Amino acid sequence: MAADFLISIASKIGECLVTPIGRECGYLVNYHSNLESLQGEIKELCHKKEGVQGLVDAAKRNGQTIKPDVHSWLKNVNDVVKKLLQFENEINKKRRCVYRWSLSRKADKIKQDVLVLQNKVTFENVVDPAPPPEIWSTFKKGFKDFKSRMANMNEVIEGLKREEVRMIGICGMGGVGKTTMVKEIITRLAKLKLFDKIVMATVSQSPSIERIQSDIAAQIDLKFEEKFESGRALKLHGRLMNIERILIVLDDVWTEPNFEDIGLPSGDAHKGCKILLTSRNSEVCNRMRSQQSIEVGILTPAESWELFREMVGESFNDPDLRSIAKEVVNECGGLPIAIVTVGKALVNKRKPEWYDALNQLRNYTISVVNDKVYSRIKWSYDRLESDEAKLCLLLCSLFPEDYDIPIEYLVRYGWGRGYFSNCSTLEDTRNRVHSLVAQLQRRFLLIDSSNRETTKMHDIVRDVAISIASRDPHRFLVSHAENKEWPNLATYDTVSLVGDLEIPVGCPKLELLQTMNGRFSKGSMDIICKAMKELKVLALVGMEMEDLGSSRSPGVLKNLRTLILDGSHFDGMSTDVFGPLENLEILSFRDCYFMHELPREIGRLKQLRLLDTTNCKNLKEIPHGIFSSLCRLEELYMMGSFDKWEIGTGREDKRMASISEVMSLSDHLKVLAIVLPPNFIHLLPKDVVLKSPTIKFAIGNKVFSEMTTYAFRNSLIIDEGDARELESQAVRLLLKKSEDLFLYKVKNFSVLADLDQEGFQDLKYLNLERCPNTEYLANGTSVTQETPFPHIQSASQLPNSFLTNLRFLQLSVCDVLKYAFSLSAARNLVQLEELDIGGCDQMEEIVSKQGREHGEEADMISFNKLTKLSLWRLWSLVGFFQANKLYSNQEETTARVEHQSAGIFEKAIFPSKCISWFPSLEEVGLSEMKFEGVLFDLKIHIVMDVQTAPTCPQLRKLKIYDCSFTHLWKNIPSGFQGFQNLRYLKLTSCFGIDYVFSHLIARELLNLEKVKISTCGDMETIVRITEENEEEATKDMILYPRKLNRFDLVDLPRLTRLCPAGSTFQWLSTKNMHVEGCEKLKTLGAVIPQRKKLENKSEKDSTSHDFSTPPTRSSNWCPAGCGCAPYSRANAQRPIEILPRPINQEVTPTNLEDSNDDDNLENLYVIDCNSMEVIFQLKGPKHEESSHSFEAFNKLSYLQLHKLPSLTRVWETGSSQLMFAGSSFGNLKWLRVDHCNQLKYLFSSSMVKLLVSIEDIEVEDCEQMEEIVAAEEEAGEIITLPKVKYIRLRSLPKLKYFCGEAYTLKLPSLELLQVIHVQDLRPFDSKLVDTHNPRLQVKPAFRQEWRRKDDK
């Protein structure tokens, strides 16, 4: 029994062992049959795949949607095909008997996969039921990727990617292209697959809820059975809520649609739902609470020209029409709809029709633009809420095209016409007009101007406004053409003339006459008085004047309220003209440079509210008594004019106007802008009182451009004064109410806070310059300070409101100023935006801990709004804030501070203690700072349980000039984050710095755009791995300055490399690079571009795969006579093929990317670098087995190499297996090489073939140059440079060949070959040079210029 039991066990064990052993042995025995079986099954699978693919292709042609499982099956088949391609390659490489078992086993496993796929082919139908077409599939292509449009579009797309953004508005005037842009955005979003569904509905001027519901429902395959809007809204809302990620586009929104009535999710009800809307009214976007509003402007001139050229087609090529075409485009004003409409209308039209169109555009005939444009703008006009807004817009049409319309003219014209009846003062009227202009700009009927005091009007909008204004009830006439016959003017109430036009007659109803830039001849005023007795506004702007008129003439203009003579040649001698204008309220002489005297008759104008002599630079006389007579004067503007004020002595009939006289008007004066002489305080009587506490003023002896506007802030300039004289009530009120305060050479005050007990609550701009006794702005201590005001107690306690509204502070050349702020004062500067400090020899720190101030206060300081900081010539500066003062006090503890040992402090401009004070800082400028320390000390102080925020996250610009530092960044902690928005870095004449960035900083600068480093004598490298961070550095580190637009390295005599050895600085990712005067720099560094593996040189396309030839018998290590034979016995050298040929795959793997985002270099200049040996150095990645071709520098267009005496090669690959290929250097157009005396040749023959776009080659003064193209390949090679137009060769004593006799050179586009001082180079003959360019027959410019040294 025991024996039987053992036999049974042994039998079972044998079965378990024999079965797998037999199977494994079978792999070896059945090697050939397994391969044949696999070949048969894969053939069958390919047949089935072709059948399914045929059905799929047919369905696609019919616009049908393929089932997902069909797509999946085809993909799996392709994956098996790829696996078999690799398997074939493996078989052909491993033909020795030792590999048979593994290969046979792998073939069997692949066959099982093939059988599974065969069994899955049960598709009766490969298509899904057709869903509704995606909205973007119905769009016509009309979007032009102009730069101005791409910026807007990218902003929208990036905004929609952000989780928190729910709604974005696209705003712009009618016809600017909002709908076209939004359709392109939808198309691009569909490709990005950011949303599961995108729907679009047009809201329009008269929105229909039913139509909007139906439009959206059709796009999501929703059918309504409900009869009422409310029921449809509920059903639509429920369906939209079930779509996880949906974008709803609402086009042409005029008023806020009710989302609930339509059925759209609102607010946070559906976090995956986002709204994109377009409107010509930005107020609509604001009311709908759009988180972003993107304004679409008009096209640039270049974009307008390109669009117009496309619209007119072949007509554009007619040279006779080119000049007139430019004028037509200009008249369209960059408005796409106008350009498209006009362009299409002019297709195949003759020259007279072009001129007719231009004439219509110039004369605002709307028909040429079409009713569609007119109706859009007219509708916007009609929807303005008030008549005031409409009249304001029509007033803007009085000015020439593209004119910066002064808003103040709208104020003064509107006041004179009585448009603003609800405004009792000029100040109220001005506020109202500015509000209306802003409203019109939000409606895109007006355009922002570069000057906030002006606005602009689009030419097309202006044409529509003129058309509206020319009709009842307005009746405007605007003429900016040459003299012509006037229409019947009896019904017109407004006329605007620009140019040398005669004053019209027969205008009995005229209320406003504006003439600009013409000639006001003698007798013109008499015509006005006789023909325009109802005139209320007369504006003679920029006119040449012979005579303003007699004393009788203006007397009949009883209704005249506004008289403007701005910029006219008025000399002030017609002193009897103004007196009779008894109802005149506004009188302006602004920019009347010829006026020497203010007419005494002005004193008779008892109703005058505004007098303006701004910038009347030659106004020297104002008789005493004029101002005191103007009993209703509200506003006096005299900046940039009269400054000869009297103290108040002497004969009254000889005296000039005095300050006291002006101040006597203060009970009704609301605006005062005057120029006073230096040290004017003594001109102010001690008892002078400003009766109006709300007076707006600009007073001083210096005139800034801001002060000559009408929206100036309260400004006071005290020049060369003594603080002890600032005791009058008037001066104290001015100091208290000043928004801009400039103190220049004011002596005898040490503390600014003493000048105003309330702490300068209104002050926004403060400039202290050359104040010799000022020690600090506010001490913040309890120590009593001396004060220049005996009746004012010194500020022992800093006012809580001290400088709380300050935006700008400039401190310069204050010799005894020790610091700017105490800790307590710094805490008040919550609004400070810009800080400029310089020339203060004793300043040690900007913020200082004083007296009893506690160190914890430093933790509470934050300059949240400071965006710009400038420090210059502060030779005693220790740092922005001396952190060590905090620890010198024994009461302080260091328990809350890590990473800083007691007693060890880094001298730094920005010490670690205050590095977090600047969350909004955007620009830092340093100059003439002899600072033997660090710029940024990043030894971050980590407070317990608080995560440190990124350092200087908004810093964009860093400029350093003539400074000395040991490091720019130091003590960089592990995991540091910061400076990620830095875009511009400029270092000039800086010493002590031997590198710019540590690698930890360099990797943070992802947005760097411009780097300019020059004249830094100690600079050795740009990027360095510092000892403190060496452990964190990775080997073979590659640095990508991806957004770098400009990279300049100039006069850096010690620079030897750009980055650490073993690392790569991808300098080809910069757009423009300039390297000059870097004497020790041998190379710019190797580049590692994207690459394409060369599997076989015979590889031609993605559908053919030829594999490497198998090893020959001589290389086979198998013993002779072993019986090992290749699978294809007929020919031992024939590769084994299991897949049927040709192979048809939908997707073929490749290692070559379509584009290289890191290859951006367009312009490269390398100049005067004595050690430079090679320019383009190619470096392949390590551990690569096969050859590679690299695509790089495919955007390079301009290359200049000058004075590089050590240069031996322009291009170097470093390996025979590495080569530039594809589109490398395919965009290079201009090449200049000179004074490179070690260079023997310029191109290799393989390199020159890549230069398909080069047009201009210039080589000069290269002593060793023997040939331009070096021989490299077999004889008989044809080298073609298809676009070369100019070749210039000069002073090349050893040059013998351009490309050697072994080659045929073809130059089909050559126009000029210039050879000067080249002894041995013979002229190109027709045997070697193919110059059969058909253009040469009409371009005789082709010539060879040969000059020897003895030629004259």
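What you see is a predicted model, and the numbers here were worked out from it, not measured in a lab.
- Counting only N and O atoms by type, the side chains of Ser588 and Asp566 include a donor and acceptor under 3.5 Å apart.
- Side-chain contact annotation: Thr613 with Ser641, donor-acceptor N/O pair under 3.5 Å present.
- Using a 4.5 Å cut-off on side-chain heavy atoms (C-beta onward), Phe749 and Thr774 make contact.
- Ring geometry, Phe399 versus Tyr403: the interplanar angle falls under 30°, so the pair is classed parallel (tilted spans 30 to 60°).
- Side chain of Arg561 to main chain of Asn559: no donor-acceptor pair is present (N/O by atom type, distance under 3.5 Å, no hydrogens or angles).
- Looking at Leu560 and Asn583, their side chains never come closer than 4.5 Å, going by heavy atoms from C-beta outward.
- Under a 3.5 Å cut-off, the side chain of Glu661 and the backbone N or O of Phe627 do form a donor-acceptor pair.
- For the pair Lys670 and Glu427, the salt-bridge criterion is not met [side-chain N within less than 4.0 Å of a carboxylate O].
- Taking the side chain as every heavy atom from C-beta outward, Tyr419 and Leu395 approach each other to under 4.5 Å.
- Here Lys509 does not pair with Asp493 in a salt bridge; the nearest charged N to carboxylate O distance is not below 4.0 Å.
- Taking Ser738 as the reference, nothing meets the side chain to side chain donor-acceptor pair (under 3.5 Å) condition, with sequence neighbours excluded.
- The side-chain heavy atoms of Leu633 and Leu610, taken from C-beta on, include no pair separated by under 4.5 Å.
- A salt bridge does not link Lys617 with Asp643: none of the charged nitrogens is closer than 4.0 Å to a carboxylate oxygen.
- Taking the side chain as every heavy atom from C-beta outward, Val671 and Ile695 never approach each other to under 4.5 Å.
- Remark: the Ser824 side chain and the Ser822 side chain contain an N/O donor-acceptor pair separated by less than 3.5 Å.
- For the pair Gln514 (side chain) and Leu398 (backbone), a donor-acceptor distance under 3.5 Å is present.
- With no hydrogens or angles considered, a side-chain donor-acceptor pair links Gln441 and Thr455 at under 3.5 Å.
- Between Asp404 and Lys456 there is a salt bridge, since a side-chain N of the basic residue sits under 4.0 Å from a carboxylate O of the acidic one.
- Looking at heavy atoms from C-beta onward, Leu538 lies in side-chain contact with Ile528 at the 4.5 angstrom threshold.
- Two residues are said to be in side-chain contact when any heavy atoms from C-beta on lie closer than 4.5 Å; Tyr744 and Asn767 fail this criterion.
- Checked against the 6.0 Å centroid threshold, Phe578 and Phe589 count as a close aromatic pair.
- Because its NZ or CZ atom is not both nearer than 6.0 Å to the ring centre of Phe821 and within 45° of the ring axis, Arg827 does not count as a cation-pi partner of that residue.
- Dense packing is recorded around NZ of Lys606, with more than 12 heavy atoms of other residues, nucleotides or ligands lying under 6.0 Å away.
- Annotation: side chain to side chain donor-acceptor pair (under 3.5 Å) contacts of Glu635 (sequence neighbours excluded): Arg430, Tyr637.
- Judged by distance alone, with hydrogens and angles left aside, the side-chain atoms of Thr429 form a donor-acceptor pair with the main-chain N or O of Thr425 at under 3.5 Å.
- Using modelled atom types, no side-chain atom of Thr804 and backbone atom of Phe802 make a donor-acceptor pair closer than 3.5 Å.
- With a 4.5 Å cut-off on side-chain heavy atoms, Met638 and Asp612 do not count as touching.
- No side-chain donor-acceptor contact under 3.5 Å links Ser524 to the backbone of Phe520.
- With hydrogens and angles left out, the side-chain atoms of Asn451 and Thr454 include no donor and acceptor closer than 3.5 Å.
- Under a 4.0 Å N-O distance rule, the pair Arg443/Glu283 qualifies as a salt bridge.
- Relative to the ring axis of Phe808, Lys764 does not place its NZ or CZ within 45° and under 6.0 Å from the centre.
- Of the charged side-chain nitrogens involved, at least one lies within less than 4.0 Å of a carboxylate oxygen, so that Glu758 and Lys736 count as a salt-bridged pair.
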